[in-house]
Amino acid sequence: MLLKNSCRNEYGEIEGTAFFPYFHKDINVVCRKGTSIEYTEKCLEYLQKADEGLILQICKYAEYYLKDVLQTTSIGELYYYDEEPFPHDKLLELLQYFSFEILYIEEPPEAAYDSSEVLNLYGGCDWEEDHGIQCLVRNGKVIFLGGYNNLSIWEDYDEEYFFNYVFYEKRDEFWKMAANKAAEDNWQIKRFVRWRSKGLLAAHKLENFTDTILVSKENVTPKEATKIFENTYFFQLMHEYPKLLEESMDFWLECYCIEKEEDIGELVRFICENCEWNMF
């Protein structure tokens, strides 16, 4: 067996050690509760195959991790004074500043993910001593590298790009995406403030109408649908005649279509003929 010195810990997990050939040393192995010995052995077989190509991938993202920390803290000055912090000429030389001490093994939650070619490695990191370093490898590809967060190998981390140095090269693109999202969120807040004067229930009803019904009808974004709707005469009438806010969204859509396809006169006539309350 590749798993040596195994025992069960207080959490019901199997712990032991295994040889990590690339680094010529034993590392600790923690098998999450419910993980079979058979699956553990398959994962340890994959650990035996870790080669320089995979370690270079890891070092590439570890270097991004280092750069980010150095850019946002004074750790370089604190540790190295006037010298270059964590000097290295080649990627593999970064290995003198971090190391993997634990391999976590967790059985796949679904048959679709049935793969033993995975690694969930955790270790110490000189430039981030508090959080260390965690690396997730799936099917020969690093899918996450960053500080330790007790992550599962079976999750997807595309949305964790701010803390996943696999996406470091695209950080400017992601920051722009985040800024655009914040701007989108901001216009929704401003819209709600404008519509809140009509009453809380009416504001939510208007949001639902524009963001679902108008978006679908006009094939536009919610922001564009809002602009279109607020520029209609029907929307102005809602301000002058609050009773219109109590009508159904189907009625609103009919009014919207009449104004768009016919004219304001037909819109007013339709409202007068189909509302129980007197508009004038």
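FYI, the numbering just counts along the sequence from 1. It should be emphasised that the depicted structure is a prediction, and the values quoted were computed from it without experimental measurement.
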Fill in: Ile102-Ile14 co-clustered via ILVMFWY side chain contacts under 4.5 Å
no
Discussion item. In terms of relative ring orientation, are Tyr65 and Tyr165 parallel, tilted or perpendicular, with 30° and 60° separating the classes?
Written reply: parallel
Worksheet, complete the sentence: So CD1 of Ile271 and CD of Glu266: to nearest 0.5 Å the spacing works out to 11.5 Å
Discussion item. Show, in sequence, the C-alpha distance, side-chain angles and deciding distance for Leu44 and Val29, and conclude whether the side-chain contact (heavy atoms from CB on, under 4.5 Å) test is met.
Written reply: CA-CA 9 Å; Leu44 293 178; Val29 178; 4.1 Å; yes
Discussion item. To the closest 0.5 Å, what do you measure between CD1 (Ile228) and NZ (Lys217)?
Written reply: 11.0 Å
Practice prompt. Step by step, work out the side-chain contact (heavy atoms from CB on, under 4.5 Å) result for Leu206 and Leu245.
Written response: CA-CA 9 Å; Leu206 287 166; Leu245 295 167; 4.3 Å; yes
Worksheet item: With distance as the sole test, does Glu41 use its side chain to make a donor-acceptor pair with the main-chain N or O of Leu3 at under 3.5 Å?
Response: yes
Discussion item. Walk me through whether Phe86 and Tyr97 qualify under ring-ring contact (aromatic ring centres under 6.0 Å, His included).
Written reply: CA-CA 7 Å; Phe86 305 101; Tyr97 305 118; 5.2 Å; yes
Discussion item. Assess the residue pair Tyr233 and Val268 against the criterion (side-chain contact (heavy atoms from CB on, under 4.5 Å)); give the C-alpha distance rounded to whole Å, side-chain angles, the decisive distance to 0.1 Å, and a yes or no.
Written reply: CA-CA 10 Å; Tyr233 182 65; Val268 173; 4.2 Å; yes
Worksheet item: So does Glu93 pair up with Lys90, basic N to acidic O under 4.0 Å?
Response: no
Practice prompt. Assess whether atom CG of Asn231 is packed by more than 12 heavy atoms of other residues, nucleotides or ligands within 6.0 Å.
Written response: yes
Worksheet item: Is it true that Phe23 and Ile27 fall in one hydrophobic cluster, defined by side-chain heavy atoms closer than 4.5 Å?
Response: yes
Worksheet entry | Hydrophobic cluster membership, Leu66 vs Leu56, 4.5 Å side-chain cutoff | yes
Worksheet entry | Parallel, tilted or perpendicular: ring planes of Tyr148 versus Tyr122, cut at 30 and 60 degrees | tilted
Discussion item. Taking Arg138 first and then Asp156, would you say they form a salt bridge - that is, a charged N and a carboxylate O separated by under 4.0 Å?
Written reply: yes
Worksheet item: Are the side chain of Glu117 and the backbone N or O of Tyr46 linked by a donor-acceptor pair below 3.5 Å?
Response: no
Item to complete: Ignoring hydrogens and angles, tell me if any N or O in the side chain of Glu13 forms a donor-acceptor pair with the backbone of Val30 under 3.5 Å.
Response: no
Worksheet item: Does any N or O in the side chain of Thr232 come within less than 3.5 Å of the main-chain N or O of Phe229, such that one atom is a donor and the other an acceptor?
Response: yes
Worksheet item: For the residue pair Tyr39 and Trp154, does the interplanar ring angle fall in the parallel (under 30°), tilted (30 to 60°) or perpendicular (over 60°) class?
Response: tilted
Worksheet entry | Asn149 side-chain N/O to Leu151 backbone N/O, donor-acceptor pair under 3.5 Å | no
Worksheet entry | Presence of salt bridge, Glu230 and Arg194, under 4.0 angstrom | yes
Worksheet item: Distance only, no hydrogens: is a donor on one side chain within 3.5 Å (strictly under) of an acceptor on the other, for Gln96 and His88?
Response: no
Response to the item:
Tightest non-hydrogen contact, residues Leu145 and Asn164, listed as N-OD1, 3.2 Å
Worksheet entry | Atom of Arg8, atom of Gly12 and distance for their closest heavy-atom approach | NH1-O, 2.9 Å
Discussion item. Any side-chain to backbone donor/acceptor pair from Thr40 onto Ser36? Under 3.5 Å, distance only.
Written reply: yes
Worksheet entry | Sole residue of Glu106, Gln134, Arg32 in side chain to side chain donor-acceptor pair (under 3.5 Å) with Asn120 | Gln134
Discussion item. Less than 3.5 Å apart, any donor N or O on the side chain of Thr221 or Glu224 sitting next to an acceptor on the other?
Written reply: yes
Practice prompt. Quick one: closest heavy-atom pair of Cys135 and Ile58, and the distance?
Written response: SG-CG1, 3.7 Å
Worksheet item: Can we say Lys260 and Glu218 salt-bridge, meaning some charged N sits less than 4.0 Å from an Asp/Glu carboxylate O?
Response: yes
Worksheet entry | Lys243 atom NZ, neighbour heavy-atom count above 12 within 6.0 Å | no
Discussion item. For Glu101 and Ser99, which I'm curious about, is there any donor-acceptor pair between the side chains at under 3.5 Å?
Written reply: yes
Discussion item. A cation-pi test, strictly: NZ or CZ of Lys205 under 6.0 Å from the centre of the six-membered ring of Trp252 and no more than 45 degrees from its axis. Yes or no?
Written reply: yes
Worksheet item: Between the side chains of Thr17 and Asp26, does any donor sit under 3.5 Å from an acceptor?
Response: no
Worksheet item: Linking I/L/V/M/F/W/Y whenever their side-chain heavy atoms sit closer than 4.5 Å, directly or via other members, would Met249 and Ile258 fall into one cluster?
Response: yes
Fill in: Side-chain donor or acceptor of Asp68 paired with backbone N/O of Tyr64 under 3.5 Å
no
Worksheet item: For the atom pair CG (Leu119) and CG (Leu47), what is the distance rounded to the nearest 0.5 Å?
Response: 6.0 Å
Practice prompt. Could you label the plane-to-plane angle of the Phe100 and Phe98 rings as parallel, tilted or perpendicular, counting under 30° as parallel and over 60° as perpendicular?
Written response: perpendicular
Worksheet item: Is the closest basic N to carboxylate O distance between Lys42 and Glu45 below 4.0 Å?
Response: no
Practice prompt. Might you work through the side-chain contact (heavy atoms from CB on, under 4.5 Å) test for Tyr104 and Ile153, ending with a clear yes or no?
Written response: CA-CA 9 Å; Tyr104 293 99; Ile153 189 64; over 6 Å; no
Item to complete: Can you see which heavy atom on Gln48 is nearest to which on Pro21, and at what distance?
Response: OE1-CG, 3.1 Å
Worksheet item: Is the shortest side-chain N to carboxylate O distance from Asp211 to Arg191 below 4.0 Å?
Response: yes
Worksheet item: Judged by modelled atom types alone, do Gln236 and His239 share a side-chain donor-acceptor pair under 3.5 Å?
Response: no
Item to complete: Determine yes or no for a side-chain-to-main-chain donor-acceptor pair under 3.5 angstrom, with Asp51 supplying the side chain and Leu54 the backbone.
Response: yes
Worksheet item: Are Val215 and Phe209 connected in the hydrophobic side-chain network, where two residues link if heavy atoms are under 4.5 Å apart?
Response: no
Worksheet item: Can you check whether Phe251 and Phe270 have ring centres sitting under 6.0 Å from each other?
Response: yes
Practice prompt. Enter the distance from Leu253:CG to Ser248:OG here, rounded to the nearest 0.5 Å.
Written response: 9.5 Å
Worksheet item: When rounded to the nearest 0.5 angstrom, what distance separates CG in Asn28 from CD in Glu15?
Response: 7.5 Å
Worksheet item: Is it the case that Lys227 places NZ or CZ above or below the six-membered ring of Phe235, under 6.0 angstrom from the centre and within 45 degrees of the axis?
Response: no
